[in-house]
Amino acid sequence: MSNGSAFLGLPAFPGAAREAVGNAQLRHNLRKATHTIRSKRAAVVGELDDWEELRAAGKAVKDHTLRHLDHYLVRLEEAVTAAGGHVHWAADADEANRIVTELVRATGGHDVVKVKSMATQEIGLNEALEAEGIRAYETDLAELIVQLGDDRPSHILVPAIHRNRSEIREIFLREMAAWGEPAPDDLTDEPRVLAEAARRHLRKRFLTAQVAVSGANFMVAETGTLVVVESEGNGRMCLTLPETLISVVGIEKVVPTWQDLAVFLQLLPRSSTGERMNPYTSMWTGVAPSDGPRNFHLVLLDNGRSRVLADEVGRQTLRCIRCSACLNVCPVYERAGGHAYGSVYPGPIGAILTPQLRGTTSELDASLPYASTLCGACYEVCPVAIDIPEVLVHLREQVVEGGGHRAERAAMKAAGWIFADPARLARVQRVAGRARRIVPRRLPGPGAAWTDTRDLPVPPEQSFRDWWAAERGRPTTPRSNP
Amino acid sequence: MRVGLFITCVNDTLYPRTGQAVVRLLERLGCEVDFPAEQSCCGQMHWNTGYGKQIEPLVRRFADTFAGYDAVVTASGSCGAMVRDNHPKAAARAADPTLPEAVAAVVPQVYDLSEFLVDVLGVTDVGAYFPHTVTYHPSCHSLRLMNLGDRPTTLLRNVRGLELRDLPGAEECCGFGGTFALKNPDVSAAMCADKVRHAVGTGAEVLCAADNSCLMHLGGTMGRQRSGVRTLHLAEILASTEEFPA
Ligand code: SF4
């Protein structure tokens, strides 16, 4: 995953999170936004008495498709081709970016409008196009705010969740002119007024653009149909107005049939926006003679996904439908914010997806599997039942196998040695019990991470096992292992 | 009913009163309680930190130590979940081919204290007396992995003299997370601060949970803040009587 140069060189998670924790405004915004979506989701999920069955069905469909991914991708290719589209296969980000750049060049255009898409952010498409003299215009309102602010998204569904109204107003006033229609001088920070300014700014763009780039939420193999689910309608403008449509989609987004799709169209809106049904669902199959784009290109993106698929524990990550429910319930995301995760995928899903796509060699990527208390709230809400804590622990093992942390390795070894023999454990407990009066208020070095905000527990005079032996007159410990 | 007490290394070393409370409570309810001293640790810290491949000897020790009891009772939701969910996984990839069978034999006997009381013994009123206001933090692993549901609060509501106060945001994590508290101290402390604020806001005298690890973290923070709220394990409240108050 060569992304998003914007994300390179970031500090490891704990350091980035420290800054966010210290930003009271950010924490307030995040708390308010995540708790609002969280309760909306809980309410609409609670309405369905077959939610668990739906969830199981979603998981089963994805597992089946992933097991036979080669088969369904070929079917999809055949169907898209038969419907007049062109299919391109991209092994990695560079190849995908090259394909898209060449396709845009071939149209003779220098501008593209974009439908909100995680895959194109993952591969850093906007930056790659920019380097070739092609300008990509984000049309999703929140993505527009991020783009105009020269910023990074911090939430999958609400990329500008870290911005408040007055900041958005300032960004519009300052930046819109450089990108097209300027913001009106009397712009206020009322949501309605801000939305209107964005609408005016984007309208001309929609009407003049020759090329659109999108992702897709789903691809139906049996008919070669792509599906985009959205709230604003801007996506639909991009998908229907320009002459050429290029969709860059991860290979895991395929589902076999329309019947399978029906499951996800129930799971996704309830999980992501907390709505029974999202306002706009756009579907297209190749090209049609009198409607929509004349040329349709589908770029199927691997970029590490087949490697993830090969990992028995990690492959469940590919079931993800990017609903962001896991972000909205995550207590760590709520405090650390999206930027701390250092990729376009923040929150629990980012903590498991990014290290699998990029590997765990950088300090940041190696810190991501530890960005969780393993509280399990994410697993509980995930509409495709990804056991995120299980994958996190699995990735921690990879980090440890890759060398891990020296002091931690030594500490774990020592603990393992003590626990291997209850007689040793009893001796350690007695030493701790004797030292109880000298428990310090603050520890030096790494221990300060505990004592900066918490008192240390004071060891008791007598451990449980010594108490039991004294009370019940049994031997304290079995014979010590030699 | 012969019960093997799985004390857990944290309770053994730091919170012996919790273990003593479990013994007193279960004996009061007519169980024969044994503490097999061969036990040490379930391996949770190793497993959750990424050192899961090192715990095979601990998994073997657990299965051997607790083989043959009618029930194995623990007063830690996270250690109970470690045995139930992860010992089979660890055994499946162990060098010793007999380990999966040994683990499979012992796992169904493992119960969290409140599960054992409500589901096995069939009691919801354990005859306790604790004349104080209490708020209960459900603890993530007790809640989501052991699925204790409302068992702990049902037990608490039946304690004579006890007034239970609802904890706002009860299901949110306290921010302990084992080594998370050390690896991500800022986020951990921020989560803890919110939990403590909610607990103190209830006006309860006691913050109760079924896991001493969370209470160590919460109690350590409240102690530092001199909040005046004390922490107590569920077992200690349930064992409390007029004669032996907690
Ligand atoms: S991991 Fe699950 S909850 Fe999180 S974004 Fe993906 S599908 Fe949604």
Side-chain angles (χ1 to χ4, degrees), chain A residues 13-14 17-18 21-22 27 331-332 335-336 367 369-377 379-380 393 395-400 404 408 412-413 415-416 418-422 425 428-429 432 446-447 449-450 452-457 459-460 462-465 467-469 472 474-478, chain B residues 7 9 11-20 23 35 37-41 43 45-55 57-58 61 140-141 143-145 171-194 216-217 219-221 223-224:
Chain A
F13 186 84
R18 177 175 312 131
V21 166
R27 274 182 65 189
V332 175
R335 274 108 188 153
S367 72
Y370 293 93
S372 165
T373 61
L374 307 178
C375 81
Y379 178 29
E380 196 173 50
V393 168
L395 292 169
R396 290 175 185 188
E397 285 190 356
Q398 274 180 24
V399 173
V400 167
E408 178 183 280
M412 289 293 165
K413 208 168 149 206
I418 292 165
F419 293 138
D421 178 358
L425 175 58
V428 170
Q429 288 167 338
W450 182 271
D452 275 350
T453 57
R454 293 158 253 189
D455 288 341
L456 282 169
Q462 197 178 34
S463 69
F464 179 85
R465 67 178 64 234
W467 171 81
W468 178 272
R472 309 294 166 122
R474 306 250 185 98
T476 21
T477 42
Chain B
I7 185 71
C9 62
N11 286 335
D12 181 9
T13 306
L14 294 174
Y15 302 99
R17 279 208 291 235
T18 298
Q20 290 156 12
V23 173
F35 172 74
E38 292 80 6
Q39 63 182 287
S40 66
C41 164
M45 177 179 73
H46 286 83
W47 181 270
N48 282 351
T49 314
Y51 295 79
K53 299 217 165 108
Q54 299 177 9
I55 71 162
L58 297 178
R61 175 173 287 281
C140 304
H141 291 181
L143 183 73
R144 299 193 185 88
L145 298 180
E171 299 192 350
E172 280 172 43
C173 178
C174 70
F176 174 60
T179 49
F180 178 83
L182 300 175
K183 284 178 184 285
N184 281 286
D186 300 279
V187 178
S188 171
M191 288 164 69
C192 193
D194 289 341
M216 174 170 76
H217 167 70
T221 301
R224 178 63 58 86

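Chain naming here is simple, since letters A, B, ... match the order of the sequence lines and numbering starts at 1 in each.
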Chain A: which of Ile7(B), Asp12(B), Leu14(B), Asn184(B) shares the most heavy-atom pairs with it under 4.5 Å? Asp12(B)

In Å and rounded to the nearest 0.5 Å, what is the CD to CD distance from Glu380(A) to Glu171(B)? 6.5 Å

Chain A: which of Cys9(B), Gly177(B), Gly50(B) shares the most heavy-atom pairs with it under 4.5 Å? Gly50(B)

Could you work out, with ring pair (Phe, Tyr, Trp, His ring centres under 6.0 Å) as the rule, every residue matching Phe464(A), not counting sequence neighbours? Trp467(A), Phe35(B)

What distance separates His46(B) NE2 from Cys41(B) SG, expressed to the nearest 0.5 Å? 7.5 Å

As a quick check of understanding, evaluate salt bridge (charged side-chain N to carboxylate O under 4.0 Å, His left out) for Arg335(A) and Asp186(B), giving each step before the final call. CA-CA 9 Å; Arg335(A) 274 108 188 153; Asp186(B) 300 279; over 6 Å; no

Contact part of Glu172(B) toward chain A, heavy-atom cut-off under 4.5 Å: side chain, backbone, both or neither? side chain

At what distance, to the nearest 0.5 angstrom, does OH of Tyr370(A) lie from CG of Leu182(B)? 13.0 Å

So which residue, Ala415(A), Pro14(A), Cys375(A), ends up with the most heavy-atom pairs under 4.5 Å with chain B? Cys375(A)

Pick from Gly43(B), Ala181(B), Ala189(B): which one has the most heavy-atom pairs with chain A under 4.5 Å? Ala181(B)

Can you tell which of Arg454(A), Gln462(A), Gln429(A), Arg27(A) has the highest number of heavy-atom pairs within less than 4.5 Å of chain B? Arg454(A)

Quick one: which of Trp47(B), Tyr51(B), Phe176(B), Phe180(B) has the most heavy-atom pairs under 4.5 Å with chain A, could you say? Tyr51(B)

Quick check on Ala377(A) against chain B: is it the side chain, the backbone, both or neither that has a heavy atom closer than 4.5 Å? both

Portion of Leu425(A) that has a non-hydrogen atom of chain B nearer than 4.5 angstrom: side chain

Check whether more than 12 heavy atoms from other residues, nucleotides or ligands sit under 6.0 Å from atom CZ of Arg144(B), and answer yes or no. yes

Under a 4.5 Å cutoff for heavy-atom pairs, which residue among Ala17(A), Ala432(A), Ser372(A), Ala371(A) has the most contacts with chain B? Ser372(A)

Residue pair Val332(A) / Phe13(A), side-chain heavy-atom distance below 4.5 Å: yes

Tell me, please, whether Trp468(A) has Arg465(A) positioned over its six-membered ring: NZ or CZ under 6.0 Å from the ring centre and within 45 degrees of its axis? no

Report the option among Ile55(B), Leu143(B), Leu58(B), Thr18(B) that has the most heavy-atom pairs separated by less than 4.5 Å from atoms of chain A. Leu58(B)

Is it the side chain or the backbone of Arg396(A) that comes within 4.5 Å of chain B heavy atoms, both, or neither? both

Among Thr179(B), Leu145(B), Val23(B), which has the most heavy-atom pairs under 4.5 Å with chain A? Val23(B)

Looking at residues at least two apart in the chain, or sitting in another chain, which of them share a side chain to side chain contact (heavy atoms under 4.5 Å, CB included) with Pro460(A)? Pro16(B)

Under 4.5 Å from a heavy atom of chain B, the part of Gln398(A) involved: neither

Taking side chain as everything from C-beta outward and backbone as N, CA, C, O, which of these in Val21(A) sits under 4.5 Å from a heavy atom of chain B? Side chain, backbone, both or neither. side chain

Polar side-chain atom of His217(B) near backbone of Cys192(B) as donor-acceptor pair, under 3.5 Å: no

